[in-house]
J.: 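For reference, the structure I am asking about is given below.
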Amino acid sequence: MHTSQQGGTDAFEVTVGGQALPAAELLGLEKGDRLGVVVTAPFGGLGAGLLVGLATAAYFDVAGGERRCRNLYPEIYMIHVGGPWGSHASFDFWPERKEIFAGNAVEALRAINAQGITHLAVPAGAAHEVTHGFREPEIAADRIRQCYLYHPSGQLADADVTIATRDAGVLWNFDGVLRPEIWLDAMRHDVETDATKRDASAESVDFRRVIACMDARADEVDRGSDAWQHAYDWVSRAQTDGFLAQAYARLPFEQALLRLDDPR
């Protein structure tokens, strides 16, 4: 729930079709809306990280910002398809039920409908037809208001939307995916030095459960891989520069439906 203390939508800069747009207007989030991010590659969700960050900020800003005072977790969901592809708990995909594991596109769409997703991000890749369960596509199409295409690198050819930030807290969330040990060390230090983090209150129990979950998933994806190194390079560069911009493309739901898994 640390994201409730991070910047609002004014921490983001948005352009659509090359023209600046107030960040809060991009998603048009309303109370009850939910973002779902489909991931099909190791650490792939980082490529949608600023969309997640903006949706999270908008979640807390909606309804006069009173959610920030209540320390809620944002209504964001990640659907790992064909994976697990690395814990993204540092973005506040929590409780752990908000990271969902699907074996294929059929299961992914079922999860999207089960969670009532209204804003959907899917990875760039080969589009392909899939036979889904009866009326599952129609149910999703009736509810989902916006769909975005992203690339795991954060850079996308033919993009029409850019989201950028200079907010150090937002950038720090990216590092937690790639180097969870740094987050874990800091959180364990909090437990050791703060007696309230060791008590039996629901909040403290949850804090320790985050530690246990992040620790259990720390090595689920090879951090010696090219995918990790590539992501680490651009995340580190963004942190050094104090600036990150990512590119997205808006697309109709019918096109997003063709990109719910990796057909390879």
J.: Report the distance from atom CG of Asp158 to atom CG of Leu149, rounding to the nearest 0.5 Å.
T.: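 Output value for this atom pair is 9.5 Å.
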J.: For Thr9 and Ala57, indicate whether the former's side chain and the latter's backbone hold a donor-acceptor pair under 3.5 Å.
T.: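 Such a contact is absent between Thr9 side chain and Ala57 backbone.
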J.: Is it the case that more than 12 heavy atoms not belonging to Asp199 sit under 6.0 Å from its CG atom?
T.: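 It does: Asp199 CG has more than 12 such atoms within range.
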J.: Could you verify whether a donor N or O on one side chain and an acceptor N or O on the other, from Asp261 and His128, lie under 3.5 Å apart?
T.: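 Distance-only check passes for Asp261 and His128.
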J.: Give, for atom SG of Cys213 and atom CG of Asp206, the distance between the pair rounded to the nearest 0.5 Å.
T.: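 Rounded to the nearest 0.5 Å, the SG-CG separation comes out at 10.5 Å.
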J.: Out of the candidates Gln229, Arg237, His230, only one should pair with Asp233 under the side chain to side chain donor-acceptor pair (under 3.5 Å) rule; please name it.
T.: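 The residue from Gln229, Arg237, His230 that satisfies side chain to side chain donor-acceptor pair (under 3.5 Å) with Asp233 turns out to be Gln229.
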J.: Under 6.0 Å between ring centres: does that hold for His2 and Trp183?
T.: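 Ring centres of Trp183 and His2 closer than 6.0 Å.
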J.: Take Leu51 and Tyr150 through the test side-chain contact (heavy atoms from CB on, under 4.5 Å) and record every step on the way to the result.
T.: CA-CA 9 Å; Leu51 184 67; Tyr150 75 93; over 6 Å; no
J.: Drop me the distance from Arg143's CZ to Arg34's CZ, to the nearest 0.5 angstrom.
T.: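 Result: 9.5 Å between the selected atoms.
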J.: Could you give me the CA-CA distance, side-chain angles and deciding distance for Leu35 and Val52, then say whether side-chain contact (heavy atoms from CB on, under 4.5 Å) is met?
T.: CA-CA 8 Å; Leu35 174 72; Val52 170; 4.0 Å; yes
J.: Give the cluster check for Tyr248 versus Leu257: same hydrophobic cluster or not, with ILVMFWY residues linked at side-chain heavy-atom distances below 4.5 Å.
T.: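 No, separate clusters.
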J.: Apply side-chain contact (heavy atoms from CB on, under 4.5 Å) to the pair Thr15 and Leu21, showing each step before the final yes or no.
T.: CA-CA 5 Å; Thr15 65; Leu21 179 76; over 6 Å; no
J.: Has the side chain of Asp92 got a donor or acceptor atom that lies under 3.5 Å from a matching backbone atom of Pro74?
T.: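 Such a contact is absent between Asp92 side chain and Pro74 backbone.
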J.: Would you say the side chain of Arg259 lies within less than 4.5 Å of the side chain of Leu251, judging by non-hydrogen atoms?
T.: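 Leu251 vs Arg259: side chains touch.
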J.: What do the steps show when you test Val130 against Leu109 for side-chain contact (heavy atoms from CB on, under 4.5 Å), and what is the final call?
T.: CA-CA 11 Å; Val130 173; Leu109 182 59; over 6 Å; no
J.: With side chains defined as the heavy atoms from C-beta onward, is the minimum distance between Glu129 and Leu258 less than 4.5 Å?
T.: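 Sidechains of Leu258 and Glu129: in contact.
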J.: Is Tyr232 close to Arg179 at the side-chain level, that is, under 4.5 Å between some pair of heavy atoms?
T.: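 Side chain of Arg179 against side chain of Tyr232, heavy atoms only: contact under 4.5 Å found.
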J.: Quick one: pull up OG1 in Thr56 and CG in Leu50 and give me the separation to the nearest 0.5 Å.
T.: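 So the OG1 of Thr56 and the CG of Leu50 are separated by 11.0 Å.
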J.: With a 4.5 Å limit on heavy-atom distance, are the side chains of Arg110 and Asn113 in contact?
T.: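 In short, these two side chains do not touch, never coming nearer than 4.5 Å.
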J.: Has Thr240 got a side-chain atom pairing as donor or acceptor with Ser236's backbone, closer than 3.5 angstrom?
T.: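 Looks like yes, one N/O pair under 3.5 Å.
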J.: Do Ile139 and Phe253 belong to the same hydrophobic cluster, where Ile, Leu, Val, Met, Phe, Trp and Tyr are linked whenever their side-chain heavy atoms lie under 4.5 Å apart, directly or via other members?
T.: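 No; Phe253 is not reachable from Ile139 via cluster members.
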J.: Would you say the side-chain atoms of Arg223 pair up with the backbone N or O of Asp219, donor to acceptor, closer than 3.5 Å?
T.: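 Absent.
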J.: With a 4.5 Å limit on heavy-atom distance, are the side chains of Val191 and Phe207 in contact?
T.: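 Val191 reaches Phe207 side chain to side chain.
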J.: Consider only side-chain heavy atoms of I, L, V, M, F, W and Y, link residues closer than 4.5 Å, and tell whether Phe91 and Leu29 are in one cluster.
T.: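 Hydrophobic grouping puts Phe91 with Leu29.
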J.: Please check if the side chain of Gln155 supplies one atom and the backbone of Ala245 the other of a donor-acceptor pair under 3.5 Å.
T.: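 Looks like yes, one N/O pair under 3.5 Å.
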J.: Heavy-atom distance under 4.5 Å between the side chains of Pro123 and Val38, does that happen here?
T.: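 Yes, close enough: below the 4.5 Å cut-off.
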J.: Centroid separation under 6.0 Å, is that true for the rings of Phe93 and Tyr73?
T.: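 So the answer is no for these two rings.
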J.: Please confirm whether the backbone N or O of Trp85 pairs with a side-chain atom of His80, one donor and one acceptor, at under 3.5 Å?
T.: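 Looks like yes, one N/O pair under 3.5 Å.
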J.: Quick one, Leu26 and Phe12 - any side-chain contact, counting heavy atoms below 4.5 Å?
T.: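 No; the side chains remain at least 4.5 Å from each other.
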J.: Would Val122 and Val161 show up in the same hydrophobic cluster when neighbours are defined by side-chain heavy atoms closer than 4.5 Å?
T.: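 Result: no, two separate clusters.
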J.: Would you check if the side chain of His119 reaches a backbone N or O of Leu27 as a donor-acceptor pair within less than 3.5 Å?
T.: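 Yes: the side chain of His119 pairs with the backbone of Leu27.
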J.: Drop me the distance from Glu203's CD to Thr196's OG1, to the nearest 0.5 angstrom.
T.: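 If we round to the nearest 0.5 Å, Glu203:CD and Thr196:OG1 are 8.0 Å apart.
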J.: So, does Thr118 use its side chain to make a donor-acceptor pair with the main chain of Arg145 at under 3.5 Å?
T.: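 Here the side-chain-to-backbone pair does not exist.
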J.: Strictly distance-based, threshold 3.5 Å: is any side-chain N or O of Gln146 a donor or acceptor partner for the main-chain N or O of Arg250?
T.: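 Flag not set: sc Gln146 to bb Arg250 has no pair under 3.5 Å.
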J.: With clusters defined by side-chain heavy atoms of hydrophobic residues (ILVMFWY) lying less than 4.5 Å apart, directly or transitively, does Tyr77 cluster with Phe101?
T.: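 Hydrophobic grouping puts Phe101 apart from Tyr77.
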J.: Determine whether Met187 and Lys197 make a side-chain contact, defined as any pair of heavy atoms from C-beta on separated by less than 4.5 Å.
T.: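 SC-SC contact between Met187 and Lys197 ruled out.
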J.: Going by an N to O cut-off under 4.0 Å, is there a salt bridge joining Glu75 and Lys98?
T.: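 Answer for the salt bridge query: yes.
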J.: Do any N or O atoms from the side chain of Trp228 and from the backbone of Asp222 form a donor-acceptor pair under 3.5 angstrom?
T.: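 Side chain of Trp228 to backbone of Asp222: no pair is present.
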J.: Salt-bridge test for Glu96 and Arg217: reply yes if a basic N is under 4.0 Å from a carboxylate O, no otherwise.
T.: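 Looking at Arg217 together with Glu96, the answer is no, because their closest N to O distance does not fall below 4.0 Å.
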